[in-house]
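The analysis underlying the following values was restricted to heavy atoms, covering all of them including side chains, and did not include hydrogens, waters or symmetry mates.
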Amino acid sequence: MPDSQHPNPQLERPHWRDLGGTWRFAFDDEARFTRPEEVEFDREILVPYAPESPRSGIGDQGYHRAVWYRTAVRLTPQELEAGRLLLHFGAVDYRATVWANGARVAEHTGGHTPFCADVTDALGGGDVLEVVVRAEDDPHDLAKPRGKQDWQREPHSIWYPRTTGIWQPVWLEAVPATRIAKLRWTPDVPGWSLGLEARLAGPFLPGLSLRVRLRAGGEVLAEDRYALSGPRLARTLALPDPGIDDLRDGLLWSPEHPQLIDAELELLQGEAVLDRVSSYTALRSVRLEGRRFLLNERPYYLRMVLDQGYWPEGLMTASDEELRRDVELTRRLGFNGARKHQKLENPRWLYWCDRIGLLVWDEMPSAYTFAPEALGRLTQEWLEAIERDCSHPCVVGWVPFNESWGVPDLPTHAAQRDFVKGLYHLTRAQDPTRLVSANDGWEQPAGDVFAIHDYTPDPEVILRRYTDLEALAKAAETFRPGGRRLALEGFEWQEKPALLTEFGGIAFSQGDGWGYSRAQSAEGFLEHYSALLEAVHRSEGLAGFCYTQLTDTFQEKNGLLYADRTPKADLDRLCRATRGPAQPYDEANPLGYSRRWLDKQRKAAVSV
């Protein structure tokens, strides 16, 4: 399936229009205005970049409680003749209200998840659509999920500039009145099948059916048609099973073999096609077996990196090419996974992880106070995040909490423990097919893995703590990162995979900034990194790791790459250290693909 750069790559229609570009804009620092006619739009902004970012054309990082946007577009005949016209927002931080031609058409709370407005009825027979957006985002509110966005005026410690308002794509989509609204794919490797859940929107008509075609590498894997008795369909699509691993492996998805399955779905009434969408999925499984992580039913060692998802010019917003480049650099550095830290990234990044091959842990941006409104906000947005991302093959783990942020009194506060446990179980109920790290780093009351944050700079200490199960058991009892216990009473970590999910953080830079330790030269940086990674690879008590971090991020200078994505040391040598002795580095295959995958790509290139 050719890449159209559609903002929702798992539910694509051909008739869509990107509304990114120059919009009128206004600050409303006291949040005084409630209606568009009250606002004087006195400047311009480049959407979808936040006004705090240089790339927006504004670059104002002061306190702004509310902001306003306005644009007008002339509609095409196709958009005017469509059954319905939808206005999509990838993410608006934090509370959004949308008007279309003066009519209020949508409200949404949550700064990291998508929403949509049907603007059809607001057109009133005209061919111009005027859109106004109000975004309220109190910079001092610690009870909302905000991730790494600082509440102080200037970035401090591990927090960064704020992001206010629109920061992910905005687009128009012409759709039929009765249409496919949502898809959810669930692979089943032992059953050699794919689960499909489809939901419709609009009037439910008589005689509806859904046709599904699955292809991989040009070969048709399945083609089925299902009669619809209501707006929701759940089916299992059996795939042709060759019955032997050597042939089965050709269809399985992994970072070394990122085989996707293209899907085309048609909604029919009788033989008339009402709606047609493109999607994709993959056949892969995630499971834990004792102290091991299994990918496609085989033990798989996790080599992950912490990815903050910030860019100097765009802050939390990047171009599609920048998103792709980050995935490629992550693989080029020898990692097979990334933990996207305190951010729900643009789905285009997940698309590139799916296509290039990179495992992902999805993490909820934290709130920083324990209050009733924080509980409701966090839970609602987290469920929306799971729904948005659950069909991406690359996503193998969920992280609802990090380092007790927002639940600072877990050892002594039963209600906070109940909240973490509750969100863990709710996540498992929403998606039982992936692992959940309930409170990554320490004070874990529940979870599928034993996730440890350890910034000890001495490789010998790292090896001594995690060299085997006996050492790990001792560390679990005696090691106190940040003065915190690793596991709380009742959490039986002994039979779970242990992962070093934050470590390293070596700083190397020519200017100010900090890290958890410091190197004085590129060679010293490489030597320290190599020694730490060697210690981790030798630690038989661990099932994987996540190094801190991919890039320098503002005052944190502990990336493997500078903020502009320039490597701090020789890429080949960094890659060798990351991969370790079990995964030798091949200069002719720097992303570490399997021989089978490389052969497929060569054959595909020849056929074109």
Worksheet item: Any luck finding a side-chain donor-acceptor pair between Glu173 and His88 under 3.5 Å?
Response: yes
Worksheet item: Can you name the nearest heavy-atom pair linking Glu256 to Trp597, along with the distance?
Response: O-CB, 3.6 Å
Worksheet item: If you round to the nearest 0.5 Å, how far is CG of Leu561 from CG of Leu333?
Response: 5.0 Å
Fill in: Side-chain heavy atoms of Gln10 within contact of Tyr280, under 4.5 Å
yes
Worksheet item: Do Thr551 and Trp311 have a side chain donor and acceptor closer than 3.5 Å?
Response: no
Worksheet entry | Minimum side-chain heavy-atom gap Arg276-Arg13 below 4.5 Å | no
Practice prompt. Go through the side-chain N and O atoms of Gln5 and Asp18 and say whether any donor and acceptor fall under 3.5 Å apart.
Written response: no
Practice prompt. Kindly determine whether Gln259 and Lys600 satisfy side chain to side chain donor-acceptor pair (under 3.5 Å), including the steps that lead there.
Written response: CA-CA 10 Å; Gln259 177 64 62; Lys600 277 186 182 181; 2.7 Å; yes
Worksheet item: Are any non-hydrogen side-chain atoms of Asp320 and Asn346 less than 4.5 angstrom apart?
Response: no
Worksheet entry | Spacing of Glu313 atom CD and Ser319 atom OG [to the nearest 0.5 Å] | 12.0 Å
Fill in: Distance-only side-chain donor-acceptor flag, Glu384 / His108, under 3.5 Å
yes
Worksheet item: Any side-chain donor paired with an acceptor under 3.5 Å for Asp431 and Trp398?
Response: yes
Worksheet item: Using 4.0 Å as the upper bound for N to carboxylate O, is an ion pair formed by Arg565 and Asp326?
Response: yes
Worksheet item: Centre of Trp349's six-membered ring, under 6.0 Å away, within 45 degrees of the axis: is that where NZ or CZ of Lys340 sits?
Response: yes
Worksheet item: Are Trp99 and Trp68 close enough that their ring centers fall under 6.0 Å?
Response: yes
Practice prompt. Determine, for Tyr94 and Arg377, whether the Lys NZ or Arg CZ falls below 6.0 Å from the six-membered ring centre while staying within 45 degrees of the axis.
Written response: no
Discussion item. Under a 3.5 Å threshold, yes or no: a donor from one side chain and an acceptor from the other, between Glu130 and Thr71?
Written reply: no
Worksheet item: Distance from Lys148 atom NZ to Thr163 atom OG1, nearest 0.5 Å?
Response: 13.0 Å
Discussion item. In the structure I gave you, are the side-chain heavy atoms of Arg146 and Asp138 within less than 4.5 Å of one another anywhere?
Written reply: no
Item to complete: Identify whether the distance between the nearest side-chain nitrogen and carboxylate oxygen of Arg74 and Asp127 falls below 4.0 Å.
Response: yes
Worksheet item: Taking atom types as modelled and ignoring hydrogens, do the side chains of Arg225 and Ser209 form a donor-acceptor contact shorter than 3.5 angstrom?
Response: yes
Worksheet item: Does Arg348 come within less than 4.0 Å of Glu345, counting only side-chain N to carboxylate O?
Response: no
Worksheet item: Which distance, rounded to the nearest 0.5 Å, do you find between the CD of Glu219 and the CD1 of Ile261?
Response: 10.5 Å
Discussion item. Do Glu363 and Gln342 pair up side chain to side chain, a donor and an acceptor below 3.5 Å, judged on atom types alone?
Written reply: yes
Worksheet item: Do Glu322 and Arg324 sit within salt-bridge range, that is, some charged N less than 4.0 Å from a carboxylate O?
Response: no
Worksheet item: Do Tyr63 and His140 make the cut of ring centroids closer than 6.0 angstrom?
Response: yes
Worksheet item: Is it true that Arg162 and Glu52 make a salt bridge, defined as a side-chain N closer than 4.0 Å to a carboxylate O?
Response: no
Worksheet item: Judged by modelled atom types alone, do Arg55 and Tyr49 share a side-chain donor-acceptor pair under 3.5 Å?
Response: yes
Worksheet, complete the sentence: Nearest heavy-atom approach of Pro393 to Arg284 is O-NE, 2.7 Å
Discussion item. Do the side chains of Glu37 and Arg35 get close enough for a salt bridge, i.e. N-O under 4.0 angstrom?
Written reply: yes
